[in-house]
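Chain letters run A, B, ... following the sequence lines, proteins first and then strands; every chain starts at 1.
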Amino acid sequence: METRYNPKEIEAKIYQDWEKKGYFNPDKAKTRSKRSFSIVFPPPNVTGTLHIGHALNATIHDVLLRYHRMKGDKTLCVPGTDHASIALQSTLEKKMRKEGVSRFDLGREKFIERAWEWRQEYGNIILNQLRAMGLSCDWSRAKFTMDPDYVAAVEAAFTYYHKQGWVYRGQRVVNWCPRCGTSISDLEIEHSAELSKLWYLKYPLAENENEFIVVATTRPETLLGDAAVAVNPKDERYSNLIGKTAILPICGRKIPIIADPAIDIEFGTGAVKVTPAHDHNDWQMGQRHKLETIAVIDQRGKINDSAPEPYRGLKAVDAREKIIIDLQDRGLLEKIEDHNIQIPKCSRCSTVIQLLPSKQWFVKMDILAAKALKAAKTGKVKFCPKRWEAAYSSWLKEPRDWCVSRQLWWGQRLPVWFCQNDAEKYIVGLKAPQKCPFCKKCQMTRSEDVFDTWFSSALWPLAVFGWPKSKPDLKKYYPTSVLITARDIINLWVARMVFSGLEFMKKSPFKDVIIYATVLTKDGKRMSKSLGTGVDPLLLIEKYGTDATRFGLAWQITETQDIHFNEDTMVSGQKFCNKVWNAARFVLCQLGEQKNIYSQTIKPKPITTADRKILTGLAKISRSTEKKINNYEFGHAIRELYEFFWHEFCDAYIEAAKNQIREPKNDLEAKNTKAILIYVLANSLKLLHPFMPFITEEIWQSLPLKNKKDLIIEPWPG
RNA sequence: GGGCAAUUAGCUCAGUGGUAGAGCGUUCCGUUCACAUCGGAAAGGCCACAGGUUCGAAUCCUGUAUUGCCCACCA
């Protein structure tokens, strides 16, 4: 053995050997227990490459998987990738824009072909990178969210919801990304705080155009679509104006002055312009007061033909400029104040979101959300750390109906069929009927819309096991044991998986949800490729080896919300690997040429104080490691193991052993010491294996033990 | 506007009621038989601040400050 541990030579070799022997597939490997331990790995987007968050996640997954495999459980981890509808489409369009091509130049069919090509080329990169992390999942079960059986699951879920009466189609004000050309959900919006203005606009009264009602607004361009002015019914300043009529500046339309309790008396002037077409609140107010919905911004974010001629075709921001100037010219701009607002932006492309009325498909959330909420309340779903339950619950308490349709091309199409002669007539079903039930003559055409990406990911823990078909995997491995994911998708993904699982399988898809910390830079900044602040896990592996990288990541896993990434822990990992390697070298050297005669299970009898100490120490660390892994305290587990191995075993016992072997007090002592050395080493390797699988397996292979299997499937000590 | 978290040695972090800890870094010493990716030793902290509970507080409570992150239809 070399004096230094060299990970590069052995990692790939060992991984292939494990995979070839079928250890990652519980159907191939004989297991000692009937209990199953299953996890579905959160499917990375096909656009992605491995980042430090994935590496951390893979480490946690693999620690649990290897621990449970050694405990004898039928252990399964299903990997896969997500088609990532909007993310991939947006990435692809960005690339095409450089070539000077738009998706409309290509057309839907060709565009989808290109998306598939992309997926062929890049789709599995990240899965291969996860192999490099040592992740022991069953590659033969890998799924993609656009596999035919997966698409079938998505369609089945939608038609089921429809049968329940929970699906409706309707004209609503939705978040619209003019760049992506689609509706998006509230959860796909990112707000950026910006300093803007509050404009005070004077609306003349119809009775006397020299009198005004002043409204305050942050979006003057929506004036073109105003349908009313609203005040609070308790606001005495305006009580004489309620029911009167104002004249909408520039447009000249007459609009009513209405009373609505939703208006905040304190804000601005207490009078609000109401634009039902371009604001959620105003939409609702419009419904209450039966106001006209006048859309003036189109799907490209430009002013449409419902607006007066001079504004048509202007971008919303430019229209704002012009309107302010025009109002000023007419003396209708009272004042401007600075005002902090939250600008909604598309989380995919950062384009400013427009709110506009559009016909979309919704899934009612009341019943589903209540189920998911109850699951957390009754402890059927537990968050770790516990505090994340609040994030989950607070969103589920006031759910808005889920807009599941997207005007994208890449994704699973809605199983909805329209009559060609009446666009309002449709049926929901898995296949188009032979004959249109409405006009009796047309060939019905399928909806152009695709599903929200998260509608399909919500089914991940079911669909990977073959749902809606009744497959053996579904019986054996559903529900899964634990979900390990990042906090930013608690509502987007976790909550939706929970209610999908409860609805379709009557059981929550997992019991425990581990929310791991967000990895930030050392300075607490967001890691980002474009800022150059990201850390590439593959470079860490290259530099320190996989085991050292995993050690370093595990070391940093505590209950914190954020990790300020510190590469020093990888250095510690590398040194620790070397320490383990050399301790093994020493032990093997002491044992000499003897062939597999030592026992790893029968505890040698202690003779000296040092013997007693180390054997007690081993028993203690075994119990403690098990407990900490069961409690998901990975950082503490590895810190303790490190402490034990380095200081108790190497510093104390090996040093004592040198004397006991060289100058034994009796015949037995030297021989017994050797037995203790290998016993403690063997069991330490087992405890370390979930964290550092490669080096431990490599050393294990050369230990002269009786009845030895590969370490990955050896029984857990204790 | 609401919520969550963080604040401990130069750096990154452990430490949840009983004399302040680790890794890295720094200084000094040590290469003869597992390992210099090592061994030994040392320096370095009024545990953010202010109150309170307690025999005793980094730890529990209240408040303040700074930072970060979520959620929210205040125009």
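- The side chain of R526(A) lies closest to C69(B) when the candidates are A14(B), C69(B), C35(B).
- Contact annotation: S394(A) does not reach the phosphate of C71(B) (side-chain N/O to OP1 or OP2, under 4.0 Å).
- Closest to the side chain of Y642(A), out of A14(B), G23(B), C74(B), is G23(B).
- Under a cutoff of 6.0 Å and an axis angle of 45°, K658(A) and F586(A) form a cation-pi pair.
- Regarding M527(A), its CE atom lies at a distance of 15 Å from the C1' atom of G68(B), rounded to whole Å.
- With C1' as the reference atom, U7(B) and U64(B) are 13 Å apart, rounded to whole Å.
- Applying the 4.0 Å criterion to OP1 and OP2 of A75(B), one finds that H339(A) has a side-chain N or O inside that range.
- With rounding to whole Å, I654(A) atom CD1 is found 15 Å from C33(B) atom P.
- For K575(A), no side-chain nitrogen or oxygen approaches OP1 or OP2 of G23(B) to under 4.0 Å.
- Along RNA chain B, the nucleotide nearest to T269(A) and the one nearest to D562(A) differ in position, and the one closer to the 5' end is contacted by D562(A).
- With Q556(A) as the fixed residue, the side chain to side chain donor-acceptor pair (under 3.5 Å) test singles out one of T569(A), T59(A), N566(A): T569(A).
- Aromatic ring centres of H339(A) and F267(A): separated by under 6.0 Å.
- Between A5(B), A14(B), A75(B), one nucleotide has an atom nearer to the side chain of Q561(A) than all others, and that is A5(B).
- Remark: aromatic rings of Y5(A) and W581(A) are close, center separation under 6.0 Å.
- Between A22(B) and R639(A), no contact under 4.0 Å exists linking OP1 or OP2 to a side-chain N or O.
- Rounded to whole Å, the distance from NE2 on H647(A) to C1' on C38(B) is 12 Å.
- Note on H636(A): only backbone sugar-phosphate atoms sit closer than 4.0 angstrom, heavy atoms only; bases stay farther off.
- Residue F267(A) has its side chain nearest to C74(B) when only A34(B), C74(B), C35(B) are considered.
- When each of F576(A) and I563(A) is assigned the nucleotide of RNA chain B with its nearest heavy atom, I563(A) is the one assigned upstream, toward the 5' end.
- Of the charged side-chain nitrogens involved, none lies within less than 4.0 Å of a carboxylate oxygen, so that R623(A) and E626(A) do not count as a salt-bridged pair.
- Across the P atoms, A57(B) and A20(B) are found 12 Å apart, a figure rounded to whole Å.
- Environment of NZ in K613(A): sparse, with no more than 12 heavy atoms of neighbouring residues, nucleotides or ligands closer than 6.0 Å.
- For G3(B), the OP1/OP2 oxygens have no side-chain nitrogen or oxygen of W388(A) closer than 4.0 Å.
- Here T569(A) lies out of heavy-atom contact (under 4.0 Å) with every strand.
- Summarising the geometry, the separation between CG on N659(A) and C1' on C33(B) is reported as 13 Å, rounded to the nearest angstrom.
- Separating the P atom of A48(B) from that of G15(B) is a span of 15 Å, rounded to the nearest Å.
- Atoms CD (Q284(A)) and P (A75(B)) sit 15 Å apart, rounded to a whole Å.
- Of the side-chain N and O atoms in K579(A), one or more sit less than 4.0 angstrom from OP1 or OP2 of G39(B).
- Side-chain N/O atoms of H564(A) include one lying less than 4.0 angstrom from OP1 or OP2 on C13(B).
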